[in-house]
Amino acid sequence: MSWKDTFYDKLMESYNDWLSYDGISGKRMAARFAALSEFGLTADNGSNRPGYSQEEKQAKDMVAGWMSEAGLAVHRDEAGNVFGRLAGKQDYLPAILSGSHVDSVPNGGHFDGPLGVLAALEVAEAWKETGYQPEKPYEVVIFSDEEGARFNGGFNGSEGLMGFGNLEDKKKLKDSDGKSFSEVLQDVGLSAGDYPKAKRAEETIEMFVEVHIEQGKRLEKENLPCGIVTGIAGPCWLEVTFTGEAGHAGNTPMHDRKDALVAASAFITKVASLPSTISDSAVATVGKLHVEPNGVNVIPGKVTLYVDIRDIHKETRNKLIEVVRQTGEEIAAAYNTQITYHETMRVSPVPINEKTQDLLEEAIRSKDLSPYRLPSGAGHDAMVVGEKIPVAMLFTKSIHGVSHHPDEWSELSDCIQTVHVLKSFLEKIQQRGM
């Protein structure tokens with residue numbers, strides 16, 4: 001049996017057929033998940049579709065074919081983004097967009113990204129089967145290069161759409177094979193020089209709605225198929241350096257040391273306790289550090305570490321940054337060391353409008369499900385679009401919270417229930433507007 005058939009059978013194994021109603025088909029979604037999973041399939045049965053790779057292009061082309069079959073008008077922009085447009089009764093109105101991406105991290109899973117694309121397309125399929133035409137135009141979108149596996153920095157598709165990013169800076173990017181941004185785009189029939197033309201007038205988009213796997217365990221613990229995202233955390237990365245004095249581990253008394261690693265260790269321990277003092281949605285992580293000279297019998301003279309600080313609210317995120325810095329100053333002084341900071345990233349958080357969350361809750365209750373609200377700690381295309389355009393997000397339950405790994409999994413029943421909620425929400429927007 002082929003991998004495609006095996007994957008399809010696993011998706012259908014525990015699927016509840018009664019969830020296929022109102023034009024939404026679990027079998028169709030399963031078949032499409034399975035078909036996409038073959039592009040960039042790894043030896044571990046994971047996914048390897050870097051942004052602007054042939055594998056990503058093949059996946060986009062396949063979905064574009066499904067868009068056409070569903071009666072959508074397909075077009076592509078200069079950033080490689082793919083759009084399938086369903087005309088509205090009042091087609092001059094701003095469009096409602098929904099979708100995600102189909103690129104992956106190396107040896108990733110098969111749900112991160114494709115779920116959002118297929119969910120958005122399934123709504124259009126359901127409308128076609130039930131004869132529903134929306135008042136406003138509806139577009140299914142596939143964004144290019146969300147994950148950033150190619151250039152260690154993603155969102156090139158959504159940034160192109162919104163007119164973000166400096167083209168000259170992007171042209172300086174090189175992938176692991178030494179290929180430049182311009183060369184990589186050329187390989188898939190695009191031109192870096194045309195990239196700025198992907199920018200779209202903001203007034204042509206009313207809202208972007210993204211469905212995504214949770215990549216966490218909260219929904220699983222609540223035993224819920226989907227949840228309402230309250231906001232997308234904006235990361236700030238601090239490079240922190242503690243400088244002490246290297247010395248012989250045997251001949252330097254304990255009271256006469258300037259041990260940079262001891263100071264850094266105290267700082268790391270303290271950082272873990274700080275977010276809860278500021279916000280219930282804030283997090284801070286130290287996940288990387290370098291010790292110098294890094295010898296078994298040498299007192300560490302210098303430690304450089306990186307703090308990832310996130311929150312869905314800009315004010316509390318920024319407050320946490322300041323508290324982390326102040327804490328570092330105090331610890332450095334206490335351990336007779338010096339400390340310096342270098343901020344390498346600061347991205348604005350994107351809170352989701354309360355009225356939008358309330359409408360998502362109505363949609364969830366309309367499907368006899370219990371509403372649950374949770375923040376997103378990871379970045380998404382909705383984070384980029386949300387800097388200028390209203391956005392909404394739904395999370396689908398992730399089994400054991402696994403993501404960016406071949407074992408990444410979401411049950412088809414949970415995916416389809418999320419599609420029903422998405423469809424209800426989109427129809428409510430059509431009726432009421434936002």
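This chain uses plain numbering: 1 for the first residue, then up along the sequence.
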Are side-chain heavy atoms of Phe33 and Tyr8 found at a separation under 4.5 Å?
no
Taking atom types as modelled and ignoring hydrogens, do the side chains of Asn156 and Ser144 form a donor-acceptor contact shorter than 3.5 angstrom? no
Sorted by chain and number, sequence neighbours left out, salt bridge (Lys or Arg N to Asp or Glu O under 4.0 Å) with Lys388 holds for Glu202
Minimal heavy-atom distance between Gly116 and Ser100, with the atoms involved, is CA-CB, 3.8 Å
Contact check, side chains of Cys236 and Arg317, non-hydrogen atoms, under 4.5 Å:
yes
Quiz item: Yes or no on side chain to side chain donor-acceptor pair (under 3.5 Å) for Tyr306 and Glu239, after CA distance, side-chain angles and deciding distance?
Solution: CA-CA 5 Å; Tyr306 298 83; Glu239 181 185 86; 3.0 Å; yes
Distance col, row Ile232:CD1 vs Glu387:CD, nearest 0.5 angstrom, shows 10.0 Å
Is the closest side-chain donor-acceptor distance between Asp311 and Thr316 under 3.5 Å? yes
### Query
Does the side chain of His101 reach to within under 4.5 Å of the side chain of Val117, using non-hydrogen atoms?
no
Q | Side chain proximity check, Leu36 to Leu118, heavy atoms < 4.5 angstrom | A | yes
In terms of heavy-atom contacts, Asp145 and Gly51 come closest through OD1-CA, 3.5 Å
Residue pairs meeting ring-ring contact (aromatic ring centres under 6.0 Å, His included), one or both in residues 349-390, sequence neighbours left out, come to His212-His380, His380-Phe395
Under 3.5 Å, sequence neighbours excluded: what are the donor-acceptor pairs made by side chains of residues 63-76?
| unit_1 | atom_1 | unit_2 | atom_2 | d |
| --- | --- | --- | --- | --- |
| Ser68 | OG | Ala64 | O | 3.3 |
| Arg76 | NH1 | Asp61 | OD1 | 3.0 |
| Arg76 | NH2 | Asp61 | OD1 | 3.1 |

Sorted by chain and number, sequence neighbours left out, ring pair (Phe, Tyr, Trp, His ring centres under 6.0 Å) with Phe155 holds for none
Side-chain donor/acceptor of Lys302 to backbone N/O of His290, under 3.5 Å
no
For residues 80-91, the side-chain hydrogen bond (donor to acceptor under 3.5 Å, both in side chains) pairs (sequence neighbours left out) are Asp77-Asn81, Arg85-Asp91, Arg85-Glu139, Gln90-Tyr92, Gln90-Glu135
- Could you tell me whether the side chains of Tyr341 and Thr241 share a donor-acceptor contact shorter than 3.5 Å? no
For Ser158 and Asp381, the nearest pair of non-hydrogen atoms, with its separation, is OG-OD1, 2.8 Å
Notebook entry, point to check: Any chance the side chains of Thr6 and Asp9 put a donor and an acceptor closer than 3.5 Å?
Noted result: no
For Ser47, is there any backbone N or O sitting under 3.5 Å from a side-chain donor or acceptor partner on Ser104?
yes
Assess the residue pair Gln215 and Asp112 against the criterion (side chain to side chain donor-acceptor pair (under 3.5 Å)); give the C-alpha distance rounded to whole Å, side-chain angles, the decisive distance to 0.1 Å, and a yes or no. CA-CA 8 Å; Gln215 302 173 285; Asp112 179 349; 3.2 Å; yes
In short, Ile205 meets Arg200 closest at the heavy-atom pair CG1-NE, 3.8 Å
field: Heavy atoms of other groups near Glu129 CD, more than 12 under 6.0 Å
entry: yes
So salt bridge (charged side-chain N to carboxylate O under 4.0 Å, His left out) across residues 114-123, not counting sequence neighbours, yields Arg28-Glu122
Looking at Lys199, I want to see if its NZ is surrounded by more than 12 non-hydrogen atoms of other residues, nucleotides or ligands under 6.0 Å.
no
Exercise for review: Report the C-alpha separation of Phe208 and Phe143 in whole Å, then their side-chain angles, then the decisive distance to 0.1 Å, and conclude whether the ring pair (Phe, Tyr, Trp, His ring centres under 6.0 Å) test is met.
Suggested key: CA-CA 12 Å; Phe208 172 59; Phe143 284 116; 5.5 Å; yes
Notebook entry, point to check: Would you say the side chain of Pro275 lies within less than 4.5 Å of the side chain of Leu320, judging by non-hydrogen atoms?
Noted result: yes
*Between Asp308 and Arg310, is there a salt bridge with N-O shorter than 4.0 Å?*
yes
So that I can tick it off, tell me whether Glu168 and Lys172 are bridged by a salt bridge, with the cut-off set at under 4.0 angstrom between side-chain N and carboxylate O. no
Glu354 meets the salt bridge (Lys or Arg N to Asp or Glu O under 4.0 Å) criterion, sequence neighbours left out, with Arg373
For a quick test of your reading: what N or O donor-acceptor pairs under 3.5 Å do the side chains of residues 216-223 make, sequence neighbours left out?
| unit_1 | atom_1 | unit_2 | atom_2 | d |
| --- | --- | --- | --- | --- |
| Glu220 | OE1 | His400 | N | 3.0 |
| Glu220 | OE2 | His400 | N | 3.0 |

*asked:* Using the rule given for side chain to side chain donor-acceptor pair (under 3.5 Å), can you reason through Asp17 versus Ser20, listing the C-alpha separation, both sets of side-chain angles and the distance that settles it, and then say yes or no?
replied: CA-CA 6 Å; Asp17 288 326; Ser20 293; 5.5 Å; no
Query - Distance-only side-chain donor-acceptor flag, Asp44 / Asn107, under 3.5 Å - result: yes
ask   = Looking just at side-chain N and O atoms, do Ser182 and Ser180 make a donor-acceptor pair shorter than 3.5 Å?
value = no
Fill in: Charged tip of Arg150 within 45° of Phe181 ring normal and under 6.0 Å
no
Residues at least two apart in sequence or cross-chain that pass salt bridge (Lys or Arg N to Asp or Glu O under 4.0 Å) with Glu214, listed by chain then number, are none
Residue set satisfying ring pair (Phe, Tyr, Trp, His ring centres under 6.0 Å) with Tyr52, at least two apart, ordered chain then number -> none
For Phe111 and Glu408, the nearest pair of non-hydrogen atoms, with its separation, is N-OE2, 2.9 Å
Quiz item: If you draw a 6.0 Å radius around CD in Gln133, do more than 12 non-hydrogen atoms from other residues or ligands fall strictly inside?
Solution: yes
Is there a donor-acceptor pair under 3.5 Å between the side chain of Glu56 and the backbone N or O of Val102? no
Between the CG atom in Asn318 and the NE2 atom in His313, the distance rounded to the nearest 0.5 Å is 12.5 Å
When every non-hydrogen atom of Val303 is compared with those of Ala264, the smallest separation belongs to CG1-CB, 3.7 Å
> Hey, are Glu147 and Arg49 close enough for a salt bridge, meaning a charged N less than 4.0 Å from a carboxylate O?
Replying inline: no
| query | Given side chains that start at C-beta, do those of Phe267 and Val324 come closer than 4.5 Å, heavy atoms only? | reply | yes
Notebook entry, point to check: So, Trp409 and Ser398: side-chain donor and acceptor under 3.5 Å apart, yes or no?
Noted result: no
Residues passing the salt bridge (Lys or Arg N to Asp or Glu O under 4.0 Å) test with Lys179, sequence neighbours excluded, are Asp187
(Q) Taking the basic N atoms (NZ, or NE/NH1/NH2) and the acidic carboxylate oxygens, is any pair closer than 4.0 Å for Lys355 and Asp358? (A) no
Flag side-chain contact, heavy atom, 4.5 Å: Lys288 against Trp237 = no
Would you list the atom pairs, donor with acceptor, under 3.5 Å between side chains in residues 411-425 and any protein atom, with sequence neighbours excluded?
| unit_1 | atom_1 | unit_2 | atom_2 | d |
| --- | --- | --- | --- | --- |
| Glu411 | OE1 | Ser14 | OG | 2.8 |
| Ser413 | OG | Asn16 | N | 3.1 |
| Thr418 | OG1 | Thr396 | OG1 | 2.8 |
| Thr418 | OG1 | Asp414 | O | 2.8 |
| His420 | NE2 | Leu19 | O | 2.7 |
| Lys423 | NZ | Asp22 | OD2 | 2.6 |
| Lys423 | NZ | Glu427 | OE2 | 2.9 |
| Ser424 | OG | Ser366 | OG | 3.3 |

Using a 4.5 Å cut-off on heavy atoms from C-beta on, say whether the side chain of Pro371 contacts that of Arg365.
yes
